[in-house]
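Below is one structure, written out as C-alpha cells; comments come after it.
Computed over heavy atoms, backbone and side chain alike; hydrogens, waters and symmetry mates excluded. Position 1 is the first residue of the sequence; numbering continues from there.
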Amino acid sequence: MSLPASVTSELLAKLTGMVVAAGGRSHPVTEAYTGDKVVDLPQSDPADVRTAYAAAREAQAVWASWPLKRRLDVMKRFHELLLGKGLIVADLMQAETGKARRMAFEETCDVLMVTSHYIKAAPGILKDKKHGGVVPLVSTSTEVRIPKGVVGLISPWNFPFATSLSDAMPALIAGNGIVLKPDNKSTLNVAFGVGLLYEAGLPAGLVQIVCGTGPDIGSAIVENADYVMFTGSTATGRVIGAQAGQNLIGCTLELGGKNPLILLDDANLDDAIPGTIMATFLNAGQACMHIERIYVSDRRREEFTKRFLEAVQAIRVDATYDFTPDMGSLVSVAQRERVQAHVEDAVAKGATVLTGGKARPDLGPAFFEPTVLTDITPDMILARAETFGPVTSIYSYSTVDEAVALANDTEYGLNASVWGSDRTAAEAVGRRIRAGNVNINDGLATSYASKKSTSGGFKASGVGSRHGDAGLLKYTDVQNVAVLKKQVLSNPPDTDWSKQVDRTVKGLRLMRKLGIR
C-alpha cells in the first residue's frame with residue numbers, strides 16, 4: 001500500500017528532526033496496515049530529556065511574561081491552521097495507528113474544540129479573584145494564578161493527537177512550557193501538530209518532543225517536571241503517581257476502564273443499537289472509555305442480541321486512506337495478539353463467541369474482527385482486565401439493582417452508559433454508577449465532548465481530570481496576595497487580654513450574623 005501523497009520524505013525528515021535526541025539510536029515506525037517501515041524515529045535518553053527541560057524553561061520565562069491576550073492570539077492562529085491541515089494529520093495518524101479515517105479526522109476536531117473552548121473561557125478562569133480580607137473594609141485577599149513552569153506530558157498511541165495537543169492547550173494558555181513524550185508508534189502526527197503551534201507564533205523551544213520507552217526516559221520526564229499529565233495504563237499510572245508524590249509535584253492520571261452499558265427495559269433500540277456499536281467499536285475498541293460490558297434484562301436480551309449482532313456484522317472493516325471503512329486496524333501486531341489472547345482464554349473457559357473472534361490477516365497484520373461474546377465467568381481474563389480491542393460481552397440481569405451492582409463490580413470507574421426512554425429514571429440509574437463519566441442515551445461522546453465540564457476517572461481509572469475550569473487551573477499555582485490598608489492586627493503592649501477576648505468573640509459573632517464571615 002502506498003502512503004498518502006501528503007506523507008513525503010521531506011515531511012518525515014522534518015517531523016523526526018523535531019525530536020530531542022543526540023545519541024543516534026532509533027526506532028522503526030511502521031505503517032499499521034502493512035507492517036512496512038515508514039521512517040526511523042530518533043530515541044532520546046535521560047540526558048536528552050534534561051536538555052529538553054532546560055530549553056523549555058528558558059522559553060517558558062518569555063512565554064509567561066506575555067499578556068494572556070497575546071498567548072490566546074497564538075492559539076487562534078493555531079486553530080485556523082489546524083482547520084486547514086487536519087486531513088494531513090489524519091494521513092499521518094492512519095499510517096501510524098491504522099485507525100479508520102473517520103476516527104482520525106474526528107480526533108483532530110477534539111483539539112479544535114478544546115482550543116476554541118479555552119480561548120473563550122481562559123480570561124475568566126485565570127483572572128485575579130479579589131476577596132475581602134481578614135478584617136472587613138481595611139484588608140483584601142487576591143488569588144493570583146501562576147503557571148507551574150514546565151509540564152511533563154506523556155501521551156498514548158490510541159488517541160495520540162488529542163491526548164497530546166488537547167492536553168497541551170490549557171497548559172500552554174496558562175503560561176507553561178511542555179516536554180512532550182508521545183508513544184513511539186504515534187509521534188509523527190503529534191509532531192506535525194506541534195509544528196503548527198510554532199507556525200502560529202509559539203516561542204522557539206517552548207514545546208520539546210522526546211521519544212523513547214517508558215523504562216528508558218519515563219523517570220527522567222517526571223523527575224524534571226513541575227507537573228505531570230499522563231494518559232495510559234493503570235499500572236504505569238501507579239508508578240508515575242508514586243514518583244510525582246515523591247517529588248512533591250502534582251499530576252493528572254487518566255487511566256484504564258472496563259466500562260459498562262446498561263440497557264433499561266424501556267430503551268429505544270433504534271437509537272441504542274447504533275449508539276452501542278459506536279461506543280464499543282470506535283477506534284477498533286482502543287479507547288479507554290469504550291464499552292466492554294453490556295447489561296441487558298432477561299426480558300429484552302433475545303431481541304437486543306439479535307439486532308446488535310446484525311449491526312456488528314454489518315461493520316465495514318478495511319485498510320484504506322479514505323472514509324469508506326467503519327473500522328480500521330489495531331495499532332500493532334502485539335496489540336492484536338493481546339486481544340486475541342483474551343478471546344481465546346475466554347473461549348477455553350466456556351465463553352461463547354456470538355460473532356467475530358478471529359484475526360483478519362487478509363486485511364493486514366494487526367486486524368481483528370468486531371467480536372461479541374457471552375457466557376463470561378469471573379475466572380476469564382476479559383471479565384476483569386481491560387481488553388482494549390474490538391471486543392464486548394453481553395450479560396443478563398433480572399432487576400435494575402442487580403444491573404447497577406454488576407456495573408460497579410470492577411476496580412475501574414472511568415465511563416458508563418445507560419439507555420432508557422424515561423430519561424429521568426435513566427439518569428437516576430446512571431448516578432448510582434461509580435464512574436467519572438456517565439452518559440444517558442449515549443455511549444461516551446456526550447460526556448467527553450462537553451468541554452465546559454471536567455472528565456476524569458474514579459477508583460483505578462485515574463486521579464484528577466481534564467476539561468472544564470479544573471483542566472486549566474491544574475496547570476497553575478495559586479498565590480495569595482493579601483493587603484492590609486491600615487494596621488489593625490497588632491495589639492499594644494498594655495492590651496487587657498480579658499477585654500480583648502470578649503471583643504474578639506463579640507466581633508466574630510456579629511460578622512457571622514451579618515454574613516461577613
Side-chain angles (χ1 to χ4, degrees), residues 31-33 86-87 89-111 113 155-167 182-183 185-186 188-190 231-233 254-259 261 274-293 311-312 315-336 338-340 342 356 359-360 363-364 366-372 386-392 414-415 417 437 439 442-449 455:
E31 184 189 29
Y33 292 145
L87 289 180
V89 177
D91 288 340
L92 290 163
M93 207 184 311
Q94 281 194 274
E96 292 180 280
T97 70
K99 64 176 62 187
R101 192 165 187 78
R102 301 175 189 180
M103 192 75 258
F105 172 72
E106 288 181 8
E107 187 170 340
T108 69
C109 294
D110 183 83
V111 178
M113 291 170 64
S155 64
W157 48 258
N158 61 322
F159 285 94
F161 196 73
T163 53
S164 295
L165 277 297
S166 290
D167 286 337
D183 191 277
K185 293 186 286 293
S186 53
L188 302 176
N189 68 89
V190 175
T231 304
S233 72
E254 207 266 31
L255 309 177
K258 192 71 178 175
N259 309 300
L261 180 150
T276 305
I277 289 290
M278 190 279 287
T280 301
F281 298 108
L282 86 164
N283 205 41
Q286 298 167 122
C288 52
M289 292 178 67
H290 96 115
I291 298 301
E292 294 200 9
R293 299 179 290 144
V312 172
I315 293 174
R316 290 167 292 186
V317 184
D318 206 350
T320 67
Y321 286 96
D322 59 38
F323 288 101
T324 304
D326 300 308
M327 193 181 97
S329 172
L330 292 170
V331 72
S332 65
V333 171
Q335 186 62 21
R336 190 260 297 159
R338 170 192 169 93
V339 172
Q340 194 164 2
H342 281 208
R360 290 291 304 274
L363 296 176
F367 279 83
F368 197 84
E369 294 178 324
T371 299
V372 182
E386 184 180 33
T387 300
F388 220 62
V391 178
T392 194
L414 185 58
N415 182 51
S417 173
N437 301 273
N439 295 269
D442 185 57
L444 55 86
T446 298
S447 63
Y448 191 82
S455 174

May I have the list of side-chain donor-acceptor pairs in residues 156-163 shorter than 3.5 Å, sequence neighbours left out?
{"unit_1": "N158", "atom_1": "ND2", "unit_2": "Q286", "atom_2": "O", "d": "3.2"}
{"unit_1": "T163", "atom_1": "OG1", "unit_2": "F159", "atom_2": "O", "d": "2.6"}

Handout entry: Partner residues of Y448 under the ring-ring contact (aromatic ring centres under 6.0 Å, His included) criterion, sequence neighbours left out
Key = H467
Handout entry: Donor-acceptor contact below 3.5 Å, side chain Q94 vs main chain V89
Key = no
Problem - Main-chain N/O of T276 paired with T280 side-chain donor or acceptor, under 3.5 Å - result: yes
Exercise for the section: Could you tell me whether the side chain of T371 and the main chain of E369 form a donor-acceptor pair under 3.5 Å? Expected result: yes
Completion exercise
Sequence neighbours excluded, the answer for side-chain hydrogen bond (donor to acceptor under 3.5 Å, both in side chains) partners of S455 is N437
Fill in the blank from the handout: Applying salt bridge (charged side-chain N to carboxylate O under 4.0 Å, His left out) to E292 and not counting sequence neighbours gives K258
Practice task
Please answer whether the main-chain N or O of K185 pairs with a side-chain N or O of D183 as donor and acceptor at a distance below 3.5 Å.
Solution key: yes
Practice task
Check for a donor-acceptor pair, side chain of Y33 on one end and backbone N or O of L363 on the other, with a separation under 3.5 Å.
Solution key: no
Fill in the blank from the handout: By side-chain hydrogen bond (donor to acceptor under 3.5 Å, both in side chains), S155 pairs with (sequence neighbours left out) S164
Problem - For E386, all residues meeting salt bridge (charged side-chain N to carboxylate O under 4.0 Å, His left out), sequence neighbours excluded - result: none
Problem - By side-chain hydrogen bond (donor to acceptor under 3.5 Å, both in side chains) - contacts of S166 (at least two apart) - result: D110
Handout entry: Sequence-distant partners of R101, salt bridge (charged side-chain N to carboxylate O under 4.0 Å, His left out), two or more places apart
Key = D91
Problem - Nearest heavy atoms of V317 and G328, plus distance in Å - result: CG1-O, 4.1 Å
Handout entry: Heavy-atom pair with the smallest gap, counting every atom of G389 and H290
Key = O-CE1, 3.3 Å
Practice task
Please name the pair of heavy atoms, one in A32 and one in V331, separated by the smallest distance, quoted to 0.1 Å.
Solution key: CB-O, 4.0 Å
Problem - Closest non-hydrogen atom pair between T387 and V339, with its separation - result: O-CG2, 3.9 Å
Fill in the blank from the handout: The complete set of side-chain hydrogen bond (donor to acceptor under 3.5 Å, both in side chains) pairs with one or both residues in residues 325-334, sequence neighbours excluded, reads R102-D326, R316-D326
Fill in the blank from the handout: What one should report as the nearest heavy-atom pair of S233 and L255 is O-CD2, 3.4 Å
Handout entry: Any residue meeting salt bridge (charged side-chain N to carboxylate O under 4.0 Å, His left out) with R336, in chain and number order, not counting sequence neighbours
Key = none
Exercise for the section: Could you tell me whether the side chains of T324 and D322 share a donor-acceptor contact shorter than 3.5 Å? Expected result: yes
Handout entry: side-chain hydrogen bond (donor to acceptor under 3.5 Å, both in side chains) involving N415 - partner list, sequence neighbours excluded
Key = N439
Exercise for the section: Spell out, as yes or no, whether a donor-acceptor pair under 3.5 Å connects the side chain of N283 to the backbone of A287. Expected result: no
Problem - For P182 against V190, the heavy-atom pair lying closest together - result: CG-CG1, 3.9 Å
Exercise for the section: Find the distance between CE (M278) and CE (M103) and round it off to the nearest 0.5 Å. Expected result: 8.0 Å
Completion exercise
To the nearest 0.5 Å, atom CG of L87 lies from atom CE of M93 at 10.5 Å
Handout entry: Residues that A100 engages under side-chain contact (heavy atoms from CB on, under 4.5 Å), provided they are two or more places apart
Key = none
Exercise for the section: State the CZ-CG distance between R360 and L330, to the nearest 0.5 angstrom. Expected result: 12.5 Å
